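Values below: every heavy atom of this structure, side chains too, minus hydrogens, waters and symmetry copies. Given the structure is predicted, the values throughout are model-derived calculations rather than measurements. Proteins get letters first, then strands, A, B, ... in listed order; numbering begins at 1 in each.
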Protein chains: 2
Amino acid sequence: MSARVASAVRAGIVVTGTEVLTGRVVDRNGPWLAERLRELGVDVAHNIVVGDRPQDVRDALGWLASAGMDLIVTSGGLGPTEDDLTAAVVGEFQGRPSALDEALEGRIWKILEGLMIRWPDLDEEAIRRSNRKQAMVPEGATVLEPVGTAPGLIVPPPASASSGPSVVVLPGPPRELQPMWRAAVETEAFKAATAGATVYRQHMLRLFGIPESEIANTMLQAREAGIDLDALEITTCLRRGEVEVVTRYEPPQQGIYDAFAGLVADRHPRELFSDDGTSVDEQVAELLRSSGRSIATAESCTGGLLAGRLTDLAGSSAYVLGGLVVYSNAAKTALAGVSPELIERTGAVSVEVAEALADGAIAAVGADVGVGITGIAGPGGGTEEKPVGTVCFSVAATDGSRVTRRLVLPGGRFDVRDRSTTVAMHLIRRVLRGEAAG
Amino acid sequence: MSARVASAVRAGIVVTGTEVLTGRVVDRNGPWLAERLRELGVDVAHNIVVGDRPQDVRDALGWLASAGMDLIVTSGGLGPTEDDLTAAVVGEFQGRPSALDEALEGRIWKILEGLMIRWPDLDEEAIRRSNRKQAMVPEGATVLEPVGTAPGLIVPPPASASSGPSVVVLPGPPRELQPMWRAAVETEAFKAATAGATVYRQHMLRLFGIPESEIANTMLQAREAGIDLDALEITTCLRRGEVEVVTRYEPPQQGIYDAFAGLVADRHPRELFSDDGTSVDEQVAELLRSSGRSIATAESCTGGLLAGRLTDLAGSSAYVLGGLVVYSNAAKTALAGVSPELIERTGAVSVEVAEALADGAIAAVGADVGVGITGIAGPGGGTEEKPVGTVCFSVAATDGSRVTRRLVLPGGRFDVRDRSTTVAMHLIRRVLRGEAAG
């Protein structure tokens, strides 16, 4: 498959930082950069996470260059501390000696003066020392102005070399890297390094409520039906309980993709909930916004994660009125009005209590839609009748519609809590779409 | 620094999956595996994320082998779909032809029969086909029994070769990979591949309320004070608003580490909150558990994320009574009893409203400690007087102690909401430690 749609321009990403390599920080930059590069038609072959050791960074650059990458993007290692060495290593790798750019040093200093107002008791000279190296620029490199305090760089291949990758050097903090990336792609140096990239079309199908192996079967059926899947680059993955099918192809293959997408829709009419890449979160937000309905939550085992997820999107204040975190039985009664007798009779984890929580959420803030979740996230608290992972959901609306489910979700405490928010989002979607029956 | 503590045994990690490479799924395996390997004294040099293309996986294996790795660990690509090819590629790379292990096929089938009860309408034959390849085992490889449906493998170097890395092949889902890893390290094949690893000591210091550059200054002072930092491997990073300083060293260097840690404690007595690696979350949980006090929340801009964070830890039901998500002004009044006049007079984002929310949280469920958060997460809603990122916090206790803060937090909506939960955890810690004054 891959050869069929191999891109003319290939890139590698090098994420530096022992804190990332050892997992104390989750890398948000590599995946984000890969998406941006693919949007530009640049084919990302590798994303390498290395520690702060200069030799390991050099090794990674050397391998990506020898593997024929046209572009290398690095993130991290531009900070003030001793282990921040990326700019120097890249300059040396490209055979371009670095020199102090005094004008840049001045611009960085202006930023630091602003910071020092926030941190009055810092040692000014130490800061000057520890930040001067941020103004060292390899010969012939394009400077990307600092978003935080660290400038980025685009360092071309050695002047002597006839080919070789350009290296885009970016800072580690995502809120610095992302704006700087947008500036980088506008530079002549970047355009020169990525000239000739083919732009592909990419579409995502999202399904909920089937195992990934079912998609494998659907792909087999597509081949048996004579659809030339080899002309498409299809990847499937399970993510937070949903199956995502992402297809990338050259524009002339549109017809083949349409046939494949049509087959998926025919085989999985109930499970296919998104054919335009929109997430269930976005769909729920749009359904609430367009219908003018408001929502409220009453969560036990998820402890506020569903409310947190509903309010992730900007503008959610238009429809999220509020929520209740009813972790204790006392709170279920005091906040959501669940009768102690009911909890006594059915246990705190029951479909009846879930329904009472949904009703209580509506009543507490006068919402149009209420969501109740109660379950056993574990690791303790499971019984034979209600094992760890047992979660009861109810979504009720003031128009009388309601969906209630009892499921046993796989995985550990984190998985059960996270998956529960996904299940709840899909149940909310169904109620808002008037599919509550069944 | 690195050379000084270079380990005898080096490993590389290869995470496969276009969905990971393109960022649709965040890689939790590479960092987790790196931590486990470091605990075993194995030095992780590189973590490579590659797509599902066999050639890219082969390239990554080839480079890590040529870079002298003693061990390679792969994750992903063991599933039933067409793009799951890792086992075959690794077997081929190690020059060990694969054959069907019929006993293993039978054991996998038993698992699938169980699954098919949950998914009655699946095509049995298609499942047999799409899963038979999971029972293909390279010659001489050690089979790791399936946790989900996919077995793992430990594939030794080519029988012909005198050296070369062993490859541990693991599935992608963390809840399958992690238990299988624990089984893998117990095998003879794994022990043979990692024989001779030196075990290092590693300690983490956590600080809150200072910029990372201050640690750089402290390290400079340590050198000036004659502390031989070159004998230590120190990495610093900013994580969710905290500065983490992780030091790794050989046992004989304990004295040097103690001197360095002492200097950090002397220079940053207020900011250093953890010298044993414990997180503020764990400290807050322990303070609540040991004092027998209960806690409740009332959150506006964080929309339940703080309650979600407080209930992340197992056993939190012992002290988390409940919480209020008061996203709308109406909810602030209806649920937390904040007077409309106060909101009218000070605005919904004010220290006064934060204090009223903390008191309202206590009153709502009869907790001992209450937390109130109200702010402007953005992107909209900012004013000149209250820009985006303005967040007001109050933590109150029934013993009369209280801490209230108004801050302007940097970054986008995600950063402001996440950072707000970190600030709140530290304010809770201070109140619980009786440091509310000042």
Side-chain angles (χ1 to χ4, degrees), chain A residues 2 18-19 21-26 31-32 34-35 45-50 52-53 56 59 63 67 80-83 119 123 126-127 130 175 211 213 216-217 219 235-237 239 244 303-305 307-308 311 314 317 320-323 325-328 331 334-335 365 379 411-413 415, chain B residues 2 18-19 21-26 31-32 34-35 44-50 52-53 56 59 63 67 80-83 119 123 126-127 130 175 211 213 216-217 219 235-237 239 244 303-305 307-308 311 314 317 320-323 325-328 331 334-335 365 379 411 413 415:
Chain A
S2 51
T18 302
E19 71 277 11
L21 183 60
T22 57
R24 291 196 305 283
V25 169
V26 172
W32 188 88
E35 273 293 64
H46 301 284
N47 176 14
I48 309 182
V49 179
V50 301
D52 293 311
R53 302 177 183 180
D56 291 340
D59 287 348
W63 174 53
T81 58
E82 293 186 352
D83 51 12
W119 308 98
D123 169 352
I127 292 180
S130 67
R175 69 166 164 275
S213 60
N217 299 341
M219 287 171 69
T235 59
T236 67
C237 77
R239 179 191 189 184
E244 292 182 347
L305 295 178
T311 55
S317 55
V320 177
L321 290 188
V325 178
V326 290
Y327 217 58
S328 64
L335 301 180
V365 292
R413 182 178 178 85
D415 300 302
Chain B
S2 50
T18 301
E19 71 277 10
L21 183 60
T22 57
R24 291 196 306 284
V25 169
V26 172
W32 188 87
E35 275 289 61
V44 178
H46 302 284
N47 176 14
I48 309 182
V49 179
V50 301
D52 293 311
R53 303 176 182 180
D56 291 340
D59 287 349
W63 174 52
T81 59
E82 293 187 353
D83 53 9
W119 308 98
D123 169 353
I127 293 181
S130 67
R175 70 167 163 274
S213 60
N217 300 342
M219 288 171 68
T235 59
T236 67
C237 76
R239 179 191 189 186
E244 293 182 346
L305 295 178
T311 55
S317 55
V320 177
L321 291 188
V325 178
V326 290
Y327 217 58
S328 63
L335 300 181
V365 292
R413 183 178 177 85
D415 300 302

Would you mind checking which part of [X] comes under 4.5 Å of any heavy atom in chain A, side chain (CB onward), backbone (N, CA, C, O), both or neither?
X: B/Ala45; answer: both
X: B/Asp59; answer: both
X: B/Leu321; answer: both

Margin query: Nearest 0.5 Å, please: how far is CG in B/Leu305 from CG in A/Leu305?
Written below: 7.5 Å
Next item on the list: Not counting sequence neighbours, which residues clear side-chain hydrogen bond (donor to acceptor under 3.5 Å, both in side chains) with B/Ser328? List them please.
Entry: none
Next item on the list: Measure A/Ala314 against the heavy atoms of chain B and call it side chain, backbone, both or neither at under 4.5 Å.
Entry: both
Looking at [options], which makes the most heavy-atom pairs under 4.5 Å with chain A?
options: B/Gly411, B/Gly303, B/Ala331, B/Pro379; result: B/Gly303
options: B/Gly308, B/Gly322, B/Ala307, B/Gly323; result: B/Gly323
options: B/Ala67, B/Ala334, B/Ser317; result: B/Ser317

Note to self: Counting heavy-atom pairs under 4.5 Å with chain B, which one of A/Thr311, A/Ile48, A/Val49 comes out on top?
What the structure shows: A/Thr311
Check: With under 30° as parallel and over 60° as perpendicular, where do the rings of B/Trp63 and A/Trp63 fit, or are they tilted in between?
Finding: parallel
Check: Is there a side-chain contact between A/Arg175 and B/Asp415 (heavy atoms, below 4.5 Å)?
Finding: yes
Margin query: Would you say that A/Leu335 contacts B/Val365 through its side chain, given a criterion of any heavy-atom pair below 4.5 Å between the two side chains?
Written below: yes
Check: Considering residues at least two apart in sequence or located in another chain, which fulfil the salt bridge (charged side-chain N to carboxylate O under 4.0 Å, His left out) criterion with B/Asp56?
Finding: A/Arg10
